[in-house]
Structures are given as C-alpha cells and as structure tokens.
Enquirer: 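Handing you a structure now.
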Amino acid sequence: YRFGNNFIKSFVGVSYSKSDSYLKGNSFERVSGRGNFDINLTKNLKATLSTSLSRGLVYRVPQAWSGGLGLAQSNALPIFPIYKNQFPTNSCQYDSTGYYNLYANPVAQREYTDYRTREWRAINSLNISYLPSQNWTISVQGNYDYSLLGDYQLEQKQWTGTTNIAKAYEGKINNFSSFATAEYRMPFNNKNHDLRILGGVEYQNYNVKRRDFEIDSAVGQIYNVSEYRNMVEENSPYRDQEIWRFASTFAKVNYNLSNKYFAQLVFRRDGSSKFGRNKRFANFPSVGLGYIMSEEPWFNKNIVNYLKLKASWGRSGNSNIPYSEQWATFDYSVPGQVNNGLSYNGLPTSVQRKFANPNLSWEVATTTEGGFDIGLFNDRISAGVTYYYKLTTDALLRIALQASTGFEDLNYYSNVGKIENKGLEFEFTSRNITNKNFSWTTEFNIAFNKNKVLDVGTATPDALDGG
C-alpha cells in the first residue's frame, strides 16, 4: 500500500508464503511485513526510515546421517514392513499395534518426533541527510538487525522410552551499525574541474547470545506453551557467546578533469576488537587513476569509439576470525565438588584449554591492477582486459600445536602466511542484433589465475588447518 504527500511518502506491505518439500512433513512458512517512509522535515533536511519484521518457520524432517530419507535409503530395506500388523498373524513379529524395528524405521521417526526451526527477524534503518549549502552534504545512518533463532524438538514417549521430552536451542543476535559522512564539492569557475572530498566514521557492535534447555513430560513445543516459556525465562538466562566491535575513520578524494582524467584517493583506519589491544588498528590507503583517451579531440572514433586506460593500487584488511582467538580459555572446578576431575583435595583448580595469542593482527592484502576498456563500432562490441597482482601478508591461518603441550584445543590462529595471487581477466560483449522487436547479445569472459603460498613462517605444512 502506498500513500504520500509533500511531507511524507510511504510504502507498507505484508506477504505470506508457504512451500512444501518432496519429503513428507517438510515445509517452510514465512510471514513478513515491511514499511518505507521518506520524510521531508525541512527544505534541506530529509529522513528515510525503513523497517521490516518477518517470521520464518521450518518443519524439518531427519535426513542423511540423522535418519529419515537417509535411513530409508540404507537400513530400512523396502522388503521390511512399516507396521508390525503387516506380518502374517502367525509370525513371531506380528502385533496388532506398533512399528516394526522402531529406531531403524523412518516412518516411526517422522511420526514420533517433531523438529522445527523458527526465526524472528527485524531489520531497521534510519538515515538523515542534511544539505546546509549547495556544496555540502551531511549524512548520518543507523542500522539495527535483530534475530531470534531457535531449533525446537519434541520427542514422544514412544520414541524416548520414558516421557515426552521437549528441547530448545535458542540464539539471539543483536547487530548494530552506524556511519556518518560529510561531503564537500569544491566550487570552480571552470566547469571542467570537479573535486569532491568526503570524510566519515563507521561503527559496528555485534553480539550473539545462546541458551539451551529441556523439559520432561512436555505437552507441546516449548515456544507454543506459555508455562514453558516462563520457566525458560526464569531458569535459563542467555549466555554471551560472541561479542566484537568494529570502528573506522575514512576519507576519500575524487577528482575529474573534463570527464577525461580521473583520480581517486582513499584512506581508511580500521579497528577490530578481535585483535590484541596493541594490534587492533591498521591503515589502509588506496589510489585509482583513469584516462578516457577517446575523449581527446585528436582521437579518431571511426572504429574505436571508446578507450579507457585504468590503474589502481590499494591495501585492504581481513579480520574474519572467531572473536575469542586472542584469549586463552580455562576450565574451572567448583569448590568441594568433583567437576570433570578438576578438583584437587576439594580445592578449586583451573586448567587452560586453549592457547592465547595477544599478538594477532590484521591480515593485509596489497593489490595492484592495470588494464583498459574498449568499445568498437558505437559499442556494438566492447571488451576489457585487466591484470592484477595481489600479495597477502600476515595471513590468518590456523596452526596446530603438538599434543604434548597438554592443551585440549590444539588449534589457534596466527599471522604466519604470505600468499601470492596474480592473473589476467578478459571480458567481451557483442550486441549482434538490436532493434525494436528483437535483441541478441553475446557475453564471454575468461580468467587466468595463479595462486601460490610463499611462506607459512615456522609452521610445518601438516600443522596448517587452512582457516
């Protein structure tokens, strides 16, 4: 539904979908709503709000190693009956009720177990842009992404052998991000010059919490019974599982001369809490140049109507590792109790499980590119060729300690790798037929890439896990 006026323009919509699988009992159901609002607060101040809420529900059935279809294709041979009453009445296997070979029977497993995955998700963003003058643009945006994801199981007493058991495994994700930018367009009397300067900051806070619980003598799925939900909220608080933050400042300068010469300079300073206190921040500059030769007055466009030369150099960082890799982890005993064999004469003890690496830092990729784009016969044929060379230093790789160290978790991340990637990429497009009623376009691309591991530090090849 759309409505609006000079002050506000909006869109509100709801949707519902359901799809079934080829497996009996397996389906997906989704309900969602979305709203977009553009608000003109003043002549120079505008706000844009976007919000959505959705609920997805998957009715799952066991597959592969967990049973179901995998069981039907392995242990449950087609010569076996499903129910005991399908045997001859004089057979020792005959019974008027019940399933034959209960735990190797995929039909029994489907009837006595109920597996579901449910997700609630809300995605929200608010952007405010302000134009204080003709040459200034200021923008601030905040985003909030919330997810509540749960795996739920209900196993009937015929399957458990005791009572109906309900289980739940829930995770809650809060992901907040924001950025603010200010752009200035330099005024020139000569319109052939276009210079724009942009600066900004960026921040992200990511948090994951999890919990699990189980209820005996259950009468339904945990999320459907209010009494169970109250018990869960009182007795099973969420535990922090993953918390990390990212912050950045950046600046960008774009220059354009006569729509022929282009230059871009970018500088970023990024910080991530996944690294040690003295290693969290790193600088990432880049530069790009372009020259459209075909815009020169002396250029003959009879055949080649477009020709652009381009080159760039830049550095980028990678922090895609688990948030806790910089720290050691420990197991603690409870005083006066035997806890995993850790207590000693009734006294509390602690045992280190994982190696700490406070010197973890950014993985840095330095990329150099050069190439050209060309258009022939009024762009009926266009092509591009690019050569790139990428050198990754301080690559984040998982290293395995020797078992004799005594750690239970022998794997840890370290900046030990140096990797080289280089190659040539080619793309081609031809517009063979273009008219009012019919068009025929051909596209082709091919790349020749070569990757090589140059160094793994002091680690031996069999100690690398690949990340």
Enquirer: Any carboxylate oxygen within less than 4.0 angstrom of a Lys/Arg side-chain nitrogen, looking at Glu242 and Arg210?
Expert: no
Enquirer: Specify whether Phe428 and Phe426 have parallel, tilted or perpendicular ring planes, treating 30° as the upper limit for parallel and 60° as the lower limit for perpendicular.
Expert: parallel
Enquirer: Return yes when atom CD1 of Ile303 has more than 12 non-hydrogen atoms of other residues, nucleotides or ligands closer than 6.0 Å, and no otherwise.
Expert: no
Enquirer: Tell me whether the count of non-hydrogen atoms from other residues, nucleotides or ligands lying under 6.0 Å of CZ in Arg239 goes above 12.
Expert: yes
Enquirer: Do NZ/NE/NH1/NH2 and the carboxylate oxygens of Asp114 and Arg116 come within less than 4.0 Å?
Expert: yes
Enquirer: Does Asn445 reach the main-chain N or O of Glu427 with its side chain, forming a donor-acceptor pair under 3.5 Å?
Expert: no
Enquirer: Return yes when atom NZ of Lys24 has more than 12 non-hydrogen atoms of other residues, nucleotides or ligands closer than 6.0 Å, and no otherwise.
Expert: no
Enquirer: Can you tell me if NZ on Lys310 sees more than 12 non-hydrogen neighbours from other groups inside 6.0 Å?
Expert: yes
Enquirer: In plain terms, say whether Glu363 and Lys418 are close enough for a salt bridge, that is, a side-chain N and a carboxylate O under 4.0 Å apart.
Expert: no
Enquirer: Taking the basic N atoms (NZ, or NE/NH1/NH2) and the acidic carboxylate oxygens, is any pair closer than 4.0 Å for Arg60 and Asp151?
Expert: yes
Enquirer: So His193 and Phe188, would you call those rings parallel, tilted or perpendicular, with 30° and 60° as cut-offs?
Expert: tilted
Enquirer: Salt-bridged, Asp145 to Arg121, with N to O below 4.0 Å?
Expert: yes
Enquirer: Show, in sequence, the C-alpha distance, side-chain angles and deciding distance for Thr434 and Trp440, and conclude whether the side chain to side chain contact (heavy atoms under 4.5 Å, CB included) test is met.
Expert: CA-CA 7 Å; Thr434 55; Trp440 173 25; over 6 Å; no
Enquirer: Under a 4.0 Å threshold between the charged nitrogen and the carboxylate oxygen, would Arg211 count as salt-bridged to Glu170?
Expert: yes
Enquirer: Are Lys279 and Glu325 ion-paired here, with the side-chain N under 4.0 Å from a carboxylate O?
Expert: no
Enquirer: Kindly indicate whether the side chain of Tyr169, heavy atoms from C-beta on, has any atom under 4.5 Å from the side chain of Gln153.
Expert: yes
Enquirer: Do other residues, nucleotides or ligands put more than 12 heavy atoms under 6.0 Å from Lys354 NZ?
Expert: yes
Enquirer: Tell me whether Glu296 is salt-bridged to Lys260, with the criterion being a basic N under 4.0 Å from an acidic carboxylate O.
Expert: yes
Enquirer: Centre-to-centre under 6.0 Å for Phe284 and Trp362, is that the case here?
Expert: yes
Enquirer: Which residues pass the side-chain hydrogen bond (donor to acceptor under 3.5 Å, both in side chains) test with Asn259, not counting sequence neighbours?
Expert: Asn256
